[in-house]
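Right, one structure below, let's go through it.
On a predicted model such as this, the values are computed, not experimentally measured, just so you know.
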Amino acid sequence: MTERLMELRECLEALMGKSSEESTSCEMIVKFLETLQSTVLLDKNRTQFHKDSLQKIQETLNHVECRQRIMSSLDEHSDTIASAYIRTVTSLIQHDMLPSIPGSDDQEYPEKHFETTRKRCYISACVINVLLTHIWDCIREKYSNEELIANRIERKILKGCIPSCVVLWASHQDDHPWTDTLCMQATQDLIKSLCNITSANDVQEILCRRADSSGCKSEDRLILSGCFVDVLNLLRPSLTRETWKQEPCSRHAFYCCLVQVKHPHLGDHLELVLPPALLFVDDYKVENKILGIRCLHHIISNVDPTELSWYSRSLVIYEALQRHIYNQDPSVLEALYPCLVAILGVVERCPQKANEFRKPTRYDTAFQTILNNMEHEQKLVLRRVHAKCLAEFIDKMGITVLRHMKRLLRVLVNYLEVYDGAEQTARLDVICAMKALITQAWPRIPHYYDVILKSLLKLLYDVTTCDAQDISHQVQSDIIIGTEECLLLLKRCCGTEMDQSLQSLHGCEASNHVIDECLQRVMSGT
């Protein structure tokens, strides 16, 4: 390693004209890049190649003699120099940034496996940032009046370097065992430099830019098209059925890049992004299930329903998701329910629109299963997760929710009666579900108004007397407001019958001033 450092210093001195070595400028540059690459890669723990070495490289590259050598080589050897830069950048990233877990697929990620990765990533990202920023400055200075030549050289380097740099950035965007604050900052600085170089606003534009997305002529733009396909091709070997569990970094990089690509761009890559997401969903580990569900939710939300239905892709997604509806992990269900509603909107016609008799659909099957889970659930954390999804399901099902009316009301009444902690999360969500139910099923609400009225009044009494000391004033206020809105909707559906019932309750012995004020506002219609 010491010999490599000495050789690197000699290359730096040669670039500054302090060496008697008789080599062409192009040969010096290529030798420097190759020596730098091997020096960084051989120092696996980055204990010898540190910030001082990086600062020395930066000073050398900014030296007048070094800049002159690079600029003088660009005319005849631009392809050679571009290839050398691409090899250096991609080698650093491929060797350092995607650590794999050796051994069994079921092995956890040991902290010690990633101890050196943080140091390697930080140094590599800084080195790449310095190299790319410097060569860009040299190219622009050399060809300040010859834009087309500068673009051609830069475009070649970009095509070879940007996909790897994006993978590096995506691998270190969240809190993972293989990254830390310094890595995140270094990779963020690298991507900012690339955005400045390419005149892109953010990573999304780098990944998704289309050839016709700008008013500029194609020869004037550095990025002719997005590099998302190139990024996926880089990650693909690490995302197969045999390898994806051994490459924890790759699947998180895949997700990070995926969420940057939105409609209408994502539909062009559906055949590449769908298989990894389905692999994640089918895994037995909770964190992988959640990652897969999030990937699928993003795909469903950003691909045209018609395109998603081609080749029965939407049905494949639905089958992959619906089997998890019986899962008992709250974090899985919290991610699953919104995704399930989204895919049902693709595989089924909207229940609210029909020119004929509405037959039972997958909406009914899923909703019936959810109600069954809710009715027999005793754990508060799961009750909260189930209650959170109800309002959205009811809004989507529309009038067809009447098929489940008796059971649904039984569940709602039960959830309103049970105290679920100081935040009263489940009760607040069930109030939203009750509002959705009254709104969507209003023609039949008069037949059930007494059950709904009793449950809402009992809730008012509980939160203003029995549970008043255990919940905050803000939560109590939210529940009262939500209940009042339900009562107002109920009054619009039931008319005078409702007024008579409220009038008889106003000022009764079990009432209090909060309930009286609420009932007064409902009767006055305000």
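- In terms of the side chain to side chain donor-acceptor pair (under 3.5 Å) criterion, Ser312 has no residue partners (sequence neighbours excluded).
- Under the salt bridge (Lys or Arg N to Asp or Glu O under 4.0 Å) criterion, no residue pair touches residues 292-313, with sequence neighbours excluded.
- Not a single salt bridge (Lys or Arg N to Asp or Glu O under 4.0 Å) links Glu423 to another residue, sequence neighbours left out.
- By the 30° and 60° cut-offs, the orientation of the rings of His269 relative to Phe228 is perpendicular.
- Considering only residues two or more places apart in sequence or on other chains, Tyr337 meets the ring pair (Phe, Tyr, Trp, His ring centres under 6.0 Å) condition with His386.
- Salt bridge annotation for Lys156-Asp79: present, with a cationic side-chain nitrogen under 4.0 angstrom from a carboxylate oxygen.
- Separating the CD1 atom in Ile343 from the CD1 atom in Ile317 is a distance of 4.5 Å, to the nearest 0.5 Å.
- Here Asp420 pairs with Arg384 in a salt bridge; the nearest charged N to carboxylate O distance falls below 4.0 Å.
- Looking at heavy atoms from C-beta onward, Ile157 lies in side-chain contact with Trp136 at the 4.5 angstrom threshold.
- Under the salt bridge (Lys or Arg N to Asp or Glu O under 4.0 Å) criterion, the residue pairs touching residues 314-333 are Asp282-Arg323, with sequence neighbours excluded.
- Cys121 places a side-chain heavy atom less than 4.5 Å from the side chain of Thr187.
- For Lys396, the NZ atom counts as loosely surrounded, since its 6.0 Å shell holds 12 or fewer non-hydrogen atoms of other residues, nucleotides or ligands.
- For Lys262, the side-chain contact (heavy atoms from CB on, under 4.5 Å) partners are Gln204, His298, Asn302, not counting sequence neighbours.
- Under the rule for a side-chain contact (heavy atoms from CB on, under 4.5 Å), the partners of Ser193 that lie at least two apart in sequence or sit in another chain are Asn129, Thr133.
- Applying the side-chain contact (heavy atoms from CB on, under 4.5 Å) rule to Pro305 yields the partners Val346; only residues at least two apart in sequence or on another chain are considered.
- The stretch residues 331-345 participates, sequence neighbours left out, in these salt bridge (Lys or Arg N to Asp or Glu O under 4.0 Å) pairs: Glu334-Lys388.
- Residue pairs that meet the salt bridge (Lys or Arg N to Asp or Glu O under 4.0 Å) test with at least one member in residues 161-179, sequence neighbours left out, do not exist here.
- Salt bridge Glu377/Arg383: absent, no basic N to carboxylate O contact under 4.0 Å.
- Between Asp202 and Ile191 the shortest side-chain heavy-atom distance does not fall below 4.5 Å.
- Listed by chain and residue number, Phe393, His404 satisfy the ring pair (Phe, Tyr, Trp, His ring centres under 6.0 Å) test with Phe367 (two or more places apart in sequence, or in another chain).
- Scanning for side-chain contact (heavy atoms from CB on, under 4.5 Å) contacts around Thr179 gives His172, His176, Cys183, Met184, with sequence neighbours left out.
- The structure places CD of Glu141 at 10.5 Å from CD1 of Ile70, a figure rounded to the nearest 0.5 Å.
- A donor and an acceptor atom, one from each side chain of Asp364 and Gln368, are nowhere located under 3.5 Å apart.
- Distance CG/Leu279 to OG1/Thr240: 8.0 Å, rounded to 0.5 Å.
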